[in-house]
Amino acid sequence: MYDDRKYTEENMPKTGILLEVENTELKDINFGLVTAARDTGANEVLAFTTEELGTEAQNDLARYGVSQLIRLRTDSADITSSPDNCAAACVQAAREYGLEYCLGLATAFGRDIFARMAALLDVELAADVLQIDFKAKTAVKSHFSGKTMATVSLQETPGLLTVRPNAISPVEQPATLESSVFQADIQSQAKVAVKEIKTSDDRKMDLTEAPIIITGGRPIGKPENYAMLQECADVLGGAVGASRAAVDAGYAPHSMQVGQTGKTVSPNLYLACGVSGAVQHFAGMKTSKVIVGINKDKDAPIFEKCDYGIVGDMFEVVPALTKALQQEKQG
Ligand SMILES: Cc1cc2nc3c(=O)[nH]c(=O)nc-3n(C[C@H](O)[C@H](O)[C@H](O)COP(=O)(O)OP(=O)(O)OC[C@H]3O[C@@H](n4cnc5c(N)ncnc54)[C@H](O)[C@@H]3O)c2cc1C
């Protein structure tokens, strides 16, 4: 908890977000976070990062409503490879700027840093939330693989939350952005350090961050057939997923599995092709904004759970869909 914070005219409550940057590129999933931060009612949204961002990224942040971009720096410790030091620098910045809420993304990076911040500040963390009502001081998150939804109360200051990627749709609201540097004064307390980040060879979009996912189930039949789904995903700007039955059959790696024992995703559009709609699969994708089922059995359970259903053979429907989308794109 903060114990020594005093507000002045210049130091009114603000909301801070911790940006996700990959290879100096700002990820699109940050913009939903900016939108969430604006809903806090704080007079300013401050975006923190350890990276140096270019003009394009700064313009994008301003377009969604960030008023201050603050680069965290320190001469006394390594904050880029040590999550302990990064969290300590974030906590110092949160105190210094008088942040009422600190928001991050429920990604590997966000989960790592925010859990450490919660420990350092001795406050609770609302992790992996789907909705936030700052007026009521509550947040909604799913429990037990999505079987129940819990509304948690946000009582502490600063309120620490991680938000599931894509759960909150980004809405533009232009602001004037100022950039500055915050020089943290921390002693290195690194207990762990990230030595290397290995990206998968294919360098495809991460499923948990993809705005659109097209998933193939068991009837995909062989690994090569995922190329049909990848072609469609490429036109849509999305990623390809798999059901557990397809993974267990060796058609796709586990990194592509969606569901209770795979990844939890929240894309804007989820296309389930040849997926029966088992509860364990649904557990990982039920918070998708729009679900489309493509199945040749009109009585398949997926049709009870989707927004739109196509009864048909995916080997006919998907290529036809890709072709139509390509034509649409060409004008
Ligand atoms: C503890 C536990 C954890 C689990 N975790 C997961 C998980 O994380 N993720 C997961 O996915 N599953 C999980 N499962 C497995 C889950 O119960 C289902 O068995 C699995 O999801 C079924 O995969 P599927 O829908 O691809 O295959 P199937 O059940 O075989 O369904 C295939 C569907 O495709 C349709 N179909 C067939 N041919 C075509 C075609 N040419 N075109 C269109 N449609 C066609 C069929 O009508 C059928 O509905 C878990 C199970 C357990 C017990």
Side-chain angles (χ1 to χ4, degrees), residues 16-38 45-74 78-83 85-87 89-90 93 102-114 162-182 193-214 230 233-241 255-256 263 265-269 329:
I17 62 170
L18 184 60
L19 296 173
E20 289 262 340
V21 181
E22 191 174 73
N23 300 327
T24 69
E25 297 253 329
L26 188 65
K27 293 185 180 181
D28 285 349
I29 47 174
N30 288 295
F31 304 127
L33 201 59
V34 180
T35 304
R38 284 202 329 253
V45 175
L46 282 58
F48 294 87
T49 175
T50 55
E51 310 277 336
E52 184 141 20
L53 294 180
T55 316
E56 196 184 330
Q58 296 196 24
N59 290 343
D60 286 342
L61 289 170
R63 196 151 46 86
Y64 284 93
V66 172
S67 44
Q68 282 197 55
L69 173 64
I70 298 154
R71 181 153 176 233
L72 297 170
R73 282 197 50 118
T74 176
D78 177 2
I79 54 172
T80 48
S81 65
S82 157
N85 289 340
C86 182
C90 288
C102 301
L103 272 58
L105 285 154
T107 55
F109 172 72
R111 286 169 206 259
D112 197 4
I113 303 298
F114 273 70
T162 55
V163 181
R164 188 177 293 179
N166 298 318
I168 296 173
S169 303
V171 180
E172 292 185 16
Q173 187 178 297
T176 307
L177 182 111
E178 284 176 16
S179 299
S180 58
V181 172
F182 175 72
V194 179
K195 289 196 162 174
E196 189 186 358
I197 295 177
K198 285 192 176 172
T199 46
S200 61
D201 295 340
D202 51 22
R203 300 189 61 81
K204 286 188 191 125
M205 196 183 293
D206 187 331
L207 269 187
T208 57
E209 299 173 12
I212 296 175
I213 294 174
I214 178 161
Q230 188 62 56
D234 288 343
V235 187
L236 287 165
V240 178
S255 58
M256 279 170 64
K263 289 187 172 155
V265 297
S266 264
N268 298 324
L269 175 64
K329 257 193 159 178

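Values reported hereafter were calculated over all heavy atoms of this structure, with side chains retained and with hydrogens, waters and symmetry mates removed.
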Practice task
Check step by step if side chain to side chain contact (heavy atoms under 4.5 Å, CB included) holds for Ile29 and Thr107.
Solution key: CA-CA 10 Å; Ile29 47 174; Thr107 55; 4.2 Å; yes
Exercise for the section: Without swapping roles, check the side chain of Lys263 against the backbone of Met256 for a donor-acceptor pair under 3.5 Å. Expected result: no
Exercise for the section: Taking all non-hydrogen atoms of both residues into account, name the closest pair between Pro211 and Pro267 and its distance. Expected result: O-CB, 3.3 Å
Exercise for the section: Taking atom CG of Asp112 as the centre, report whether more than 12 heavy atoms of other residues, nucleotides or ligands fall under 6.0 Å from it. Expected result: yes
Completion exercise
Correct closest heavy-atom pair for Pro165 and Ser266 would be O-CB, 3.6 Å
Handout entry: Side chains of Leu19 and Ile17 in contact at under 4.5 Å (non-hydrogen atoms)
Key = yes
Exercise for the section: Spell out, as yes or no, whether a donor-acceptor pair under 3.5 Å connects the side chain of Arg111 to the backbone of Ala106. Expected result: yes
Practice task
To the nearest 0.5 angstrom, please state how far the CD1 atom of Ile213 sits from the CE atom of Met205.
Solution key: 9.5 Å
Exercise for the section: Please answer whether the main-chain N or O of Ala210 pairs with a side-chain N or O of Asn166 as donor and acceptor at a distance below 3.5 Å. Expected result: yes
Handout entry: Minimum heavy-atom distance Ala57-Leu26, with the two atoms named
Key = O-CD2, 3.9 Å
Practice task
For Lys27, enumerate each residue passing the salt bridge (Lys or Arg N to Asp or Glu O under 4.0 Å) test, keeping only those at least two apart in sequence or located in another chain.
Solution key: Glu20, Glu22, Glu209
Handout entry: N/O donor-acceptor pair under 3.5 Å between Asp206 side chain and Thr208 backbone
Key = yes
Exercise for the section: Starting at CD of Gln58, measure out to CG of Leu53 and round the result to the nearest 0.5 Å. Expected result: 6.5 Å
Exercise for the section: Give the minimum heavy-atom separation between Ala233 and Ile214, together with the two atoms involved. Expected result: CB-CG2, 3.7 Å
Problem - Interatomic distance, Thr49 atom OG1 to Ile70 atom CD1 [nearest 0.5 angstrom] - result: 11.0 Å
Problem - Atom pair SG (Cys86) and CD1 (Ile79), whose distance is rounded to the nearest 0.5 Å - result: 6.0 Å
Handout entry: Heavy-atom donor-acceptor pair, Ser67 side chain to Val45 backbone, under 3.5 Å
Key = yes
Practice task
Walk me through it: do Phe114 and Leu18 pass the test side chain to side chain contact (heavy atoms under 4.5 Å, CB included)?
Solution key: CA-CA 9 Å; Phe114 273 70; Leu18 184 60; 3.9 Å; yes
Handout entry: Approximate separation, where rounding is to 0.5 Å, of Arg63 CZ and Leu177 CG
Key = 12.5 Å
Handout entry: Any side-chain heavy-atom pair of Pro83 and Ile113 under 4.5 Å
Key = yes
Exercise for the section: Check whether more than 12 heavy atoms from other residues, nucleotides or ligands sit under 6.0 Å from atom CD of Glu172, and answer yes or no. Expected result: yes
Fill in the blank from the handout: Nearest heavy-atom contact between Leu207 and Ala239 is CD2-CB, 3.9 Å
Handout entry: Leu61 and Phe31, any side-chain heavy atoms less than 4.5 Å apart
Key = yes
Practice task
Search all heavy atoms of Phe48 against all heavy atoms of Ala93 and return the closest pair with its distance.
Solution key: CE2-CB, 3.8 Å
Problem - Distance, nearest 0.5 Å, that separates CG of Asn85 from CG of Leu72 - result: 12.0 Å
